[in-house]
Amino acid sequence: MAPLPQSSQQWVEKYRPKQVKDVAHQDEVIRVLTNTLETSNCPHMLFYGPPGTGKTTTALAIAHQLYGPELYKSRVLELNASDDRGINVVRTKIKDFAAVAVGGQKYGGYPCPPFKIIILDEADSMTEDAQNALRRTMETYSKVTRFFFICNYISRIIEPLASRCAKFRFKPLPEEVMNGRILHICNEEGLNLDPQALPTLSSISQGDLRRAITYLQGAARLYGSNISSKDLISVSGVIPPEIVQNLLAACKSGNFDLANNEVNDIISEGYPVSQMISQLFDLIVVDNSYTDEQKARVFKQMGEADKCLVDGGDEYLQLLDVASNTMRALCSMP
């Protein structure tokens, strides 16, 4: 395949670490895996943690460093949530791949150990039946195949699978680590960020480096090489802070008509209500001018509204419900 033109390549892929040692911030994980690479003898592994913290990148980097580009396709089977991974696939495709033994001689300067790797990305979305079907396969073919499970929620992996794996927890990236990576990309791409843009990018991406890079590339495409905090907010779909402040001020005023007008404005602007509830929560939780009881009343209602939205409830009614109950709590109405 011809190389992608520079303008059309995703920055997430362009700046994806190619080696395990280049993965940011996951120091304990990297230290253990570097030793694993030196001995070329790895156990079954389970990588878990929030999105955008380097789980898939690390798994792919290990596979590439063990086998190199020549043998990678024949030695590694990569299945994602978008692929069919039901019980039949486990019994046929995965079992057939796992059953075939391979030789273990060095090739092209890569260690090429005598086992294959099956990478199951987003393993927490596999059905319990499919996970149960994997248990026997893992034990039967453990001499010739290693499994790498990648998931966001370890609680959704059945205990028998989790106990067969070495577990690695990936932590959300702190602001200084994300800022370092973002500034590196800005230097490479010739971008200028205004002083407020970097903290804004950190707060809207919430420790997810992939999301931060995607927002940065989107803003660069739309607004050119000079990017402001406002540009990043418009690209990310985050509701501007002043709109959230206005709704909270209307709730504090105790005037229902004022709050209703704010709700109508938010709905007519097309802002997602679940995002509005999330940002309103962030605003109220750090405000010390409210008592714990007032906050509890507001958050209980927010939780119920969020559940209704997931179940397909009407956005206007749910936001109005949150606004009116917030007003009653903050104004100490019964």
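Just the heavy atoms: all of them, side chains too, but no hydrogens, waters or symmetry mates, feed the values below. Throughout, residue positions are numbered sequentially from 1 according to the sequence presented.
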Is the shortest heavy-atom distance from the side chain of Gln19 to the side chain of Asp22 under 4.5 Å? yes

Does the plane of the ring in Phe299 sit parallel, tilted or perpendicular to the ring in Phe281? Use 30° and 60° as the thresholds. tilted

Would you please test Asp321 and Asn325 for side chain to side chain donor-acceptor pair (under 3.5 Å) and show each step? CA-CA 6 Å; Asp321 189 29; Asn325 277 282; 2.8 Å; yes

Scanning both residues in full, the closest heavy-atom pair of Ala61 with Lys18 reads CB-O, 3.8 Å

Any donor-acceptor pair under 3.5 Å linking the side chain of Ser278 with the backbone of Ser274? no

Does any part of the side chain of Asn152, heavy atoms only, come nearer than 4.5 Å to the side chain of Pro51, both counted from C-beta? yes

Arg31 side-chain N/O to Gln26 backbone N/O, donor-acceptor pair under 3.5 Å: no

So, does Asp124 use its side chain to make a donor-acceptor pair with the main chain of Ile157 at under 3.5 Å? no

Can you find a heavy atom in the side chain of Val100 that is under 4.5 Å from one in the side chain of Val144? no

Identify the heavy atoms of Asn41 and Phe115 that sit nearest to each other, and give their distance. CA-CE2, 4.5 Å

Any chance the rings of Phe47 and Phe170 have centres within less than 6.0 Å? yes

Tell me whether the rings of His44 and Phe147 are parallel (<30°), tilted (30 to 60°) or perpendicular (>60°). tilted

Look at the side chain of Gln279 and the backbone N and O of Val238, then say whether any donor-acceptor pair between them is shorter than 3.5 Å. no

Using the rule given for side chain to side chain donor-acceptor pair (under 3.5 Å), can you reason through Asn88 versus Arg91, listing the C-alpha separation, both sets of side-chain angles and the distance that settles it, and then say yes or no? CA-CA 5 Å; Asn88 291 330; Arg91 284 175 175 160; 4.6 Å; no

Would you please say whether a donor-acceptor pair under 3.5 Å links the side chains of Asn179 and Ser202? yes

Are Tyr141 and Leu46 connected, step by step, through hydrophobic side chains (Ile, Leu, Val, Met, Phe, Trp, Tyr) whose heavy atoms are closer than 4.5 Å? no

Ignoring hydrogens and geometry, is there a side-chain-to-backbone donor-acceptor pair from Gln294 to Thr291 under 3.5 Å? yes

In plain terms, say whether Glu122 and Arg156 are close enough for a salt bridge, that is, a side-chain N and a carboxylate O under 4.0 Å apart. no

Is it true that a side-chain atom of Glu78 and a backbone atom of Leu120 form a donor plus acceptor pair closer than 3.5 Å? no

Provide the closest heavy-atom pair for Thr137 versus Ala98 in the form atom of the first, atom of the second, distance. CG2-CB, 4.3 Å

Check whether any side-chain heavy atom of Asp282 lies under 4.5 Å from a side-chain heavy atom of Val286, and answer yes or no. no

Counting only heavy atoms from other residues, nucleotides and ligands, does the tally under 6.0 Å from NZ of Lys95 exceed 12? no

Salt-bridge present (Glu293, Arg297; N to O < 4.0 Å): no

Within 45° of the axis and under 6.0 Å from the centre of the six-membered ring of Tyr48, does NZ or CZ of Lys55 qualify? no

Please say yes or no: joined through hydrophobic side-chain contacts below 4.5 Å, possibly via intermediate residues, are Ile119 and Leu161 part of one cluster? no

So CG of Asn261 and CD1 of Ile266: to nearest 0.5 Å the spacing works out to 11.0 Å

Asp306 side chain to Met302 backbone, donor-acceptor under 3.5 Å: no

Test item: Lys252 side-chain N/O and Cys331 main-chain N/O as donor-acceptor pair under 3.5 Å: no

Lys/Arg N to Asp/Glu carboxylate O, Glu139 vs Arg136, below 4.0 Å: yes

Please check if the number of heavy atoms outside Asp292 that lie under 6.0 Å from its CG is greater than 12. no

Within a 6.0 Å radius of atom CD on Gln275, are there more than 12 heavy atoms belonging to other residues, nucleotides or ligands? yes

Heavy-atom closest pair (Leu232 atom, Ala197 atom, distance to 0.1 Å) is CD1-O, 3.4 Å

Please say yes or no: joined through hydrophobic side-chain contacts below 4.5 Å, possibly via intermediate residues, are Leu247 and Leu317 part of one cluster? yes

Ala133 to Ile87 - nearest heavy-atom pair and separation: CB-CG1, 3.9 Å

Flag side-chain contact, heavy atom, 4.5 Å: Asp208 against Arg210: yes

As a quick check of understanding, evaluate side chain to side chain donor-acceptor pair (under 3.5 Å) for Ser225 and Asn192, giving each step before the final call. CA-CA 6 Å; Ser225 58; Asn192 295 315; 4.9 Å; no

Heavy-atom closest pair (Met178 atom, Gly207 atom, distance to 0.1 Å) is SD-CA, 3.7 Å

Option among Ser228, Ser229, Ser234 that satisfies the side chain to side chain donor-acceptor pair (under 3.5 Å) test with Asp231: Ser228

Would you say that more than 12 heavy atoms from the other residues, nucleotides or ligands in this model lie under 6.0 Å from the NZ of Lys171, or not? yes

Evaluation steps, salt bridge (Lys or Arg N to Asp or Glu O under 4.0 Å), between Glu13 and Arg16: CA-CA 5 Å; Glu13 294 303 326; Arg16 186 191 284 271; 3.1 Å; yes

Could you check if a side-chain atom of Leu66 sits within less than 4.5 angstrom of a side-chain atom of Tyr110, using non-hydrogen atoms only? no

Hphob cluster co-occupancy, Val298 + Val263, side-chain heavy atoms under 4.5 angstrom: yes

Should Phe148 and Val89 be regarded as members of a common hydrophobic cluster, given that ILVMFWY residues are connected when their side-chain heavy atoms come within less than 4.5 Å of each other, either directly or indirectly? no

Can any side-chain N or O of Ser205 pair as donor or acceptor with the backbone N or O of Ala212 at less than 3.5 Å? no

Given the rule in the salt bridge (Lys or Arg N to Asp or Glu O under 4.0 Å) test, do Lys14 and Glu189 qualify, once you have shown the distances and angles that lead to the verdict? CA-CA 11 Å; Lys14 186 177 177 181; Glu189 299 292 336; 2.8 Å; yes

Just checking, is any N or O donor in the side chain of Ser289 or Asp287 under 3.5 Å from an acceptor N or O on the other one? yes

Just checking Lys307: does its NZ atom have more than 12 heavy atoms from other residues, nucleotides or ligands closer to it than 6.0 angstrom? no

Between Thr36 (side chain only) and Val32 (backbone N and O only), is there a donor and an acceptor less than 3.5 Å apart? yes

